[in-house]
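In this text the structure is predicted, and so the values were computed from the model without any measurement.
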Amino acid sequence: MTDAPDILSPEYDADPYPFYKVLRDEFPVMWHEGTQAFVISRYEDVAGAFRNPQISSRNYEWQTEPVHGRTILQMEGKEHSSYRGIVNPIFRGSYLEQSIVPAITTAARQQIGEFLADGEVDLCKRFSTYYPIGVIVQLLDLPMEDVPQFYEWYTMIMDFVSNITGDEEKNRRGMAARVEMGEYLMPKIAERRANPGDDLLTAMVTKEFDGVQMSDDDIRGFCSLLLTAGGETTEKAITLTMRNLLDNPEQMAEVRADRQLIGPAFAETLRFTGPVQMIMRHTDEDVEFSGGTVAAGHTLELLLGAANRDPEAFDEPDRFNIHRSDMEFDKAFTAAADHTAFALGRHFCVGSMLARAELTVAMDALLDAMDDIAYADGYEQEETGVYTRGLTSLPLTFTPNPDFVAG
């Protein structure tokens, strides 16, 4: 029998995908001593856990509440539905299309204009790192010169949230970011209550659902959550989608010719190399999985990356395929998605449509601006991360399109 994989080992961090197969086949419900949690890896178990009322998001009481405050992530029942009812319309439908997409488009094209003439770019360092943070700052109608500060807070908070090893310095920095960001945001929220504008911060201040409104601290916490959840997913997804298309030139050519395929390319990237590889949950009662039972009161580490490569759920799961027949791409950004990258069920990611809009606009603009995209000479790919995962760099060469309009 193969030894149980250690999800904190350097080998796992370097390439978890072979270990995912071992976990699914031989250790589908595995106690991991280092993180004091049960690791769940099969698709049926991961997908089922998100929909199981015996499993809750109480883990966020210790995982995110100290750094964000209490947020929609850990709410249940009427409270959850009320707060979701407030924020859902902001990230969907007409508000998304009329208010958010134009701002995203401007942000993407302006940033591309800064490196277009060079004919080369590290897409991680000069585009994807700051683009989603800049979008959020712009949507909140806050000063764009503060983007570097928001990126610093985002990094510190994300390190806290993904700190499955309990590093004390990461925890300290995350808590410091909460204080600093709160001191920055609270006066802005108060000012927006006194003088409403036409922005995301005003929308959160003024909207209500079923008689419920968000408090100032609710809004501060949601801004913190939006910064990390929205920034982390989009930052890594842009470069991973570009990489996956470059590694599959025929599919890249198809996407270039038909930009409606950007959505399926993003959805397949979420399945194939998702930016979020793990989501935690809590067992409120004893729960049976295909590989065993987990008693009440334990943390679950749901391996999205393993579930999304499960051959019981997806045909040829280790192949990137934007035309796969076992995913309904029109549902890929809804709670009925086939993949698990945004979770499923009642806690399906409220920002999934925003993430799709950000990536679609970015990829469309990048393909408009850059012809003949190729890896820079000598580039060796390096992915890293256990909780979230992405490329450390993506140096590219390209031919600038002289007709591209930047901003």
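A donor-acceptor pair is defined here as one N or O able to donate and one able to accept, closer than 3.5 Å; no such pair exists between the side chain of R51 and the backbone of L344. Listed for the N248 side chain is no donor-acceptor partner under 3.5 Å among the backbone atoms of Q251. At distances below 3.5 Å, not a single donor-acceptor pair connects side-chain atoms of R309 with backbone N or O atoms of Y20. Under the 3.5 Å distance criterion, the side-chain polar atoms of S9 are left unmatched by any main-chain donor or acceptor of P5. One N or O on the side chain of T106 and one on the backbone of P102 form a donor-acceptor pair closer than 3.5 Å. Put simply, the side chain of H339 gets close to the backbone of A332: a donor and an acceptor are under 3.5 Å apart. Between the side chain of E268 and the backbone N or O of N321 there is at least one donor-acceptor pair closer than 3.5 Å. Side-chain atoms of N52 do not come within 3.5 Å of backbone N or O of G48 as any donor-acceptor pair. Without hydrogens or angle criteria, R192 side chain to G197 main chain gives no donor-acceptor distance under 3.5 Å. Under the 3.5 Å distance criterion, the side-chain polar atoms of D310 are matched with a main-chain donor or acceptor of Y43.
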Could you give me the CA-CA distance, side-chain angles and deciding distance for I55 and F50, then say whether side chain to side chain contact (heavy atoms under 4.5 Å, CB included) is met? CA-CA 7 Å; I55 296 173; F50 287 127; over 6 Å; no

Assess whether side chain to side chain contact (heavy atoms under 4.5 Å, CB included) is satisfied between Y60 and R70, documenting all intermediate values. CA-CA 8 Å; Y60 291 124; R70 193 165 182 275; over 6 Å; no

Where do Q74 and T64 land on the side chain to side chain contact (heavy atoms under 4.5 Å, CB included) test, with the steps shown first? CA-CA 9 Å; Q74 60 205 96; T64 65; 4.2 Å; yes

Taking it one step at a time, do D315 and S325 satisfy side chain to side chain donor-acceptor pair (under 3.5 Å)? CA-CA 9 Å; D315 185 45; S325 61; over 6 Å; no

Determine whether Y131 and E235 satisfy the following criterion, side chain to side chain contact (heavy atoms under 4.5 Å, CB included), listing intermediate values before the conclusion. CA-CA 7 Å; Y131 163 68; E235 174 191 348; over 6 Å; no

Take S224 and H68 through the side chain to side chain donor-acceptor pair (under 3.5 Å) test and state the conclusion after the steps. CA-CA 6 Å; S224 178; H68 288 316; 2.6 Å; yes

Full working for side chain to side chain donor-acceptor pair (under 3.5 Å) between E301 and T35: CA-CA 9 Å; E301 291 172 342; T35 56; 3.0 Å; yes

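Checked for salt-bridge contact, R220 and D216 miss the test: no charged N lies under 4.0 Å from a carboxylate O. Salt-bridge formation is not detected for the pair R42/D45: no Lys NZ or Arg NE/NH1/NH2 atom is positioned less than 4.0 Å from an Asp or Glu carboxylate oxygen. The residues R126 and D118 are annotated as salt-bridged, a charged nitrogen and a carboxylate oxygen being separated by less than 4.0 angstrom. A salt bridge is defined here as a Lys NZ or Arg NE, NH1 or NH2 lying under 4.0 Å from an Asp or Glu carboxylate O, and E191 with K188 fails to meet this definition. Checked for salt-bridge contact, R58 and E65 miss the test: no charged N lies under 4.0 Å from a carboxylate O. Salt-bridge formation is detected for the pair R243/E383: a Lys NZ or Arg NE/NH1/NH2 atom is positioned less than 4.0 Å from an Asp or Glu carboxylate oxygen. Contact check on K236 versus E232 returns a salt bridge, with a Lys/Arg side-chain nitrogen under 4.0 Å from an Asp/Glu carboxylate oxygen. Salt bridge annotation for R259-D368: present, with a cationic side-chain nitrogen under 4.0 angstrom from a carboxylate oxygen.
For the residue pair D122 and Y379, no side-chain donor N or O sits within less than 3.5 Å of a side-chain acceptor on the partner. Between T399 and D372, the side chains place a donor N or O and an acceptor N or O closer than 3.5 Å (distance only, hydrogens not considered). Looking only at atom types and distance, the side chain of Y184 has no donor-acceptor partner in the side chain of Q149 under 3.5 Å away. A donor atom on one side chain and an acceptor atom on the other are not found under 3.5 Å apart for N59 and T299.
In this structure, D377 and P395 have side chains that are not in contact, with every pair of non-hydrogen atoms separated by 4.5 Å or more. Counting heavy atoms from C-beta on, the side chains of Q63 and F160 never come closer than 4.5 Å. Proximity of D326 to D338: side-chain heavy atoms (C-beta onward) are nowhere separated by under 4.5 Å. Side-chain contact between D199 and L139 is absent, with no heavy-atom pair separated by less than 4.5 Å. Put simply, the side chain of M181 reaches to within 4.5 Å of the side chain of I157, judged on heavy atoms. Two residues are said to be in side-chain contact when any heavy atoms from C-beta on lie closer than 4.5 Å; Q36 and W31 meet this criterion. Counting only heavy atoms from C-beta outward, the side chains of F398 and V121 approach each other to under 4.5 Å. Counting heavy atoms from C-beta outward, M370 and F404 have side chains that stay 4.5 Å or more apart.
The minimum heavy-atom distance linking A265 with I322 is given by the pair CA-CG2, 3.6 Å. Among all heavy-atom pairs drawn from V29 and G291, the shortest one is CG2-C, 3.8 Å. Considering every non-hydrogen atom in both Y17 and T273, the closest pair reads OH-CA, 3.5 Å. Between I262 and T360, the shortest heavy-atom distance links the atoms CG2-CA, 3.8 Å. Summarising the geometry of K125 relative to S393, their closest heavy-atom pair is NZ-CB, 3.7 Å, with the distance given to 0.1 Å. Closest heavy-atom contact between I112 and A365: CD1-CB, 3.6 Å.
Y130 and Y151 have tilted rings, their planes meeting at an angle from 30° to 60° on a 0 to 90° scale.
Taking a 6.0 Å sphere around CD of E208, one finds it holds more than 12 heavy atoms contributed by other residues, nucleotides or ligands. Within a 6.0 Å radius of CD in E79, more than 12 heavy atoms belonging to other residues, nucleotides or ligands are found. Within 6.0 Å of CD in E250 there are 12 or fewer heavy atoms belonging to other residues, nucleotides or ligands. Around atom CD of E168, no more than 12 heavy atoms belonging to other residues, nucleotides or ligands sit under 6.0 Å away. Taking a 6.0 Å sphere around CG of D198, one finds it holds 12 or fewer heavy atoms contributed by other residues, nucleotides or ligands.
Rounded to the nearest 0.5 angstrom, T234 OG1 and L354 CG are separated by 6.5 Å. Taken to the nearest 0.5 Å, the OG1 atom of T206 stands 9.5 Å off from the CG atom of L201. Taken from CD in Q381 to CG in L246, the straight-line distance is 8.5 Å, to the nearest 0.5 Å. To the nearest 0.5 Å, the span separating OG1 on T228 from CG on D159 amounts to 11.0 Å. Atom CZ in F150 sits 9.5 Å away from atom CD1 in I136 (nearest 0.5 Å). Atom CD in E33 sits 11.0 Å away from atom CG in D6 (nearest 0.5 Å).
Between F266 and F333, a ring centre-to-centre spacing shorter than 6.0 Å is recorded.
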